[in-house]
Amino acid sequence: MTLEQFAPTGVLVIIAVILAFIILMISRVFGPHKPSFRKNAPYESGMKPIGPANRRLPIKFYLVAVLFIIFDVEVIFFLPWAVSMNGMGWYGLVVMGFFTLILIVGFIYEWKKGALEWE
Amino acid sequence: MECVGLCDVVLNLGVRNQELARFLASLIGVLLVSGVPLLTVIILILAERKIAARIQDRIGPNRVGPYGLLQTVADLLKLLGKEDITPTAADRILYNAAPIISFGSVVLLWAVIPFMYWNTPEGAANAVVGVNLEIGALFFVAIASLGTLAIMTAGWASNNKYALLGAFRVVALLVSYEIPLVFALVVPVMFAGSMSLVDIVEAQSHMWFVFMAPLAAILFFISSQAETGRAPFDLIEAESELIAGFNIEYSGMKFGMFFAAEFLHVFTNGILMAVLFFGGYLGFFYKAIPPLGFLWLGLKGSLIYFVFLWLRNTVPRLRIDQVMNFNWFFLVPVSIINIMVTSLILKVMQEMGYAPTVFAESSLIGILPLTIVMLLKDAIIIGFILGRLGQEGRKARIEATHAEESLAAAAAGD
């Protein structure tokens with residue numbers, strides 16, 4: 001039953017991708033096709049590119065991504081709880097309160113540690 | 001699963017097989033659903049350019065067709081006729097897949113949006129909707145982050161330093177603004193007791209959620225503006241720093257796809273906000289004349305879209321550290337506190353019998369006490385925040401004056 005719900009979504013995924021693909025194909029058919037070395041070079045304001053562009057990222061971007069994952073997982077716990085709040089009564093609220101407490105303690109620790117600071 | 005809605009219509013048209021009818025119905029429905037955003041995007045781009053022009057004291061496009069109505073069509077034809085370039089340094093597969101993912105994900109978002117009321121037998125959705133998913137809100141969150149992924153892929157696969165810098169910023173900005181977005185989304189889900197967007201709209205039939213959770217609505221508004229990468233959060237394509245940001249290597253229709261996806265995403269967020277907080281298709285006579293519901297939804301969505309545009313065209317771009325600090329030190333704590341306080345008040349009032357457990361089966365009188373308490377709570381939180389902001393601002397101004405005075409004194413001493 002639940003999987004059957006997703007069948008139209010699957011159809012929509014296929015249609016959306018095919019649609020986008022068709023639009024790209026139209027432009028490929030109608031547009032000119034005269035590649036040249038200069039045209040296909042990376043655009044860096046007219047300068048000759050120095051070195052590869054796939055360099056290592058500064059660590060702070062990774063840090064933000066890792067912090068995001070922690071919070072996102074917690075958010076995912078919030079959604080089903082919000083749906084079934086009526087059925088769980090006080091027990092659900094207290095348990096979720098503890099969960100949020102742990103989350104807030106972690107958040108304060110990150111804050112004080114300076115992990116959220118962006119220099 | 002019995003055959004209802006569009007499936008019933010197909011059965012009546014002469015298709016005997018129920019399985020086939022269901023399949024045909026879902027196919028037609030999906031085509032309709034994906035057709036709506038494709039048509040709207042043509043109007044949206046023109047509307048955006050016209051409104052931006054008005055705000056900047058210009059006229060805007062007015063040459064192609066009456067009042068410039070055909071401008072987007074002309075642009076589309078021009079983009080279709082452009083050369084399809086894949087840079088030699090780029091990762092061919094990812095580079096070409098990124099615009100498709102970006103556009104496809106925005107079209108997918110429209111699957112769960114309920115368009116209008118429809119009276120159907122027991123057990124089915126009481127609305128015209130692509131797919132009435134039980135996890136509509138979660139579906140929205142998941143697909144919206146697919147758009148972020150597409151931008152990240154585009155920046156990485158272009159193999160260009162500007163594009164890569166744009167992709168870095170996506171990781172930082174879009175990803176961290178997703179947290180307050182989802183936290184704000186939890187509040188309507190909590191009120192409705194369901195993640196299905198149809199149920200959320202039904203739960204608002206006596207009182208729109210914006211009156212019960214204005215703070216959540218504001219948080220949702222701010223973070224969805226950031227999610228779409230619009231000013232003041234348009235760091236991912238900051239022209240003065242990164243030329244074009246993540247889409248620098250894209251040209252022709254591939255660029256057009258990103259462009260269309262961005263515009264459509266903003267409008268989709270406006271529609272979604274209308275559904276979550278402004279009652280979706282609810283309005284006068286939405287039950288008697290269902291197409292009127294579609295009009296209400298479009299009207300509410302367009303108004304919110306207009307505010308998005310207004311904001312985009314009036315405020316300057318923020319620095320990345322300002323944007324990140326605003327998110328982590330302001331939006332995230334406020335949204336966590338908002339959820340905790342809201343759930344506590346809701347539970348207490350439900351246990352004491354002052355609030356209904358199922359909003360849709362209540363009445364205006366039944367829901368009024370909860371609304372007043374929630375409104376008071378939000379007013380207190382917002383007042384507290386504004387007070388703190390005022391204090392901080394005063395402190396900063398006093399410090400600035402002191403610094404100026406000491407500078408002047410030093411200059412006089414010389």
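Note on naming: letters A, B, ... go to the chains in the order of the sequence lines (proteins, then strands), and numbering restarts at 1 for each one.
In this structure, chain B has a heavy atom under 4.5 Å from the side chain of L93(A), while its backbone stays farther away. Looking at L63(A), neither its backbone nor its side chain comes within 4.5 Å of chain B, counting heavy atoms on both sides. For L103(A), the part sitting under 4.5 Å from any heavy atom of chain B is the side chain, from C-beta outward, and nothing else.
Residues that satisfy the salt bridge (charged side-chain N to carboxylate O under 4.0 Å, His left out) test with R319(B), not counting sequence neighbours, are D321(B).
Contacts between residues 175-183 of chain B and chain A, defined by a heavy-atom separation under 4.5 Å, are made by V175(B), S176(B), E178(B), I179(B), V182(B), F183(B).
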Side-chain atoms of residues 12-28 of chain A: list all donor-acceptor pairs with protein atoms under 3.5 Å, sequence neighbours left out, distances to 0.1 Å.
from	atom 1	to	atom 2	distance (Å)
S27(A)	OG	L24(A)	O	3.1
R28(A)	NE	D84(B)	OD2	3.0
R28(A)	NH2	D84(B)	OD2	2.8

Which atom pairs, donor and acceptor, lie under 3.5 Å between side-chain atoms of residues 99-107 of chain B and protein residues at least two apart or in another chain?
from	atom 1	to	atom 2	distance (Å)
S105(B)	OG	I101(B)	O	3.3
S105(B)	OG	S102(B)	O	3.0

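For the atom pair OG of S343(B) and CZ of F78(A), the computed distance is 7.5 Å after rounding to the nearest 0.5 Å. In this structure, the separation between CZ on F30(A) and CG on L77(B) is 10.0 Å, given to the nearest 0.5 Å.
Using a 4.5 Å heavy-atom cutoff, the side chains of V348(B) and W90(A) are in contact. A heavy-atom distance below 4.5 Å is found between the side chains of F107(A) and W328(B).
By the neighbour-count criterion of 12 heavy atoms within 6.0 Å, atom CZ of F99(A) is densely surrounded, having more than that number from other residues, nucleotides or ligands.
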Evaluate side-chain contact (heavy atoms from CB on, under 4.5 Å) for L138(B) paired with I76(A), printing each intermediate quantity in order. CA-CA 8 Å; L138(B) 192 64; I76(A) 294 306; 3.8 Å; yes

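With hydrogens and angles ignored, the 3.5 Å screen pairs no side-chain donor or acceptor of K34(A) with any backbone N or O of E83(B).
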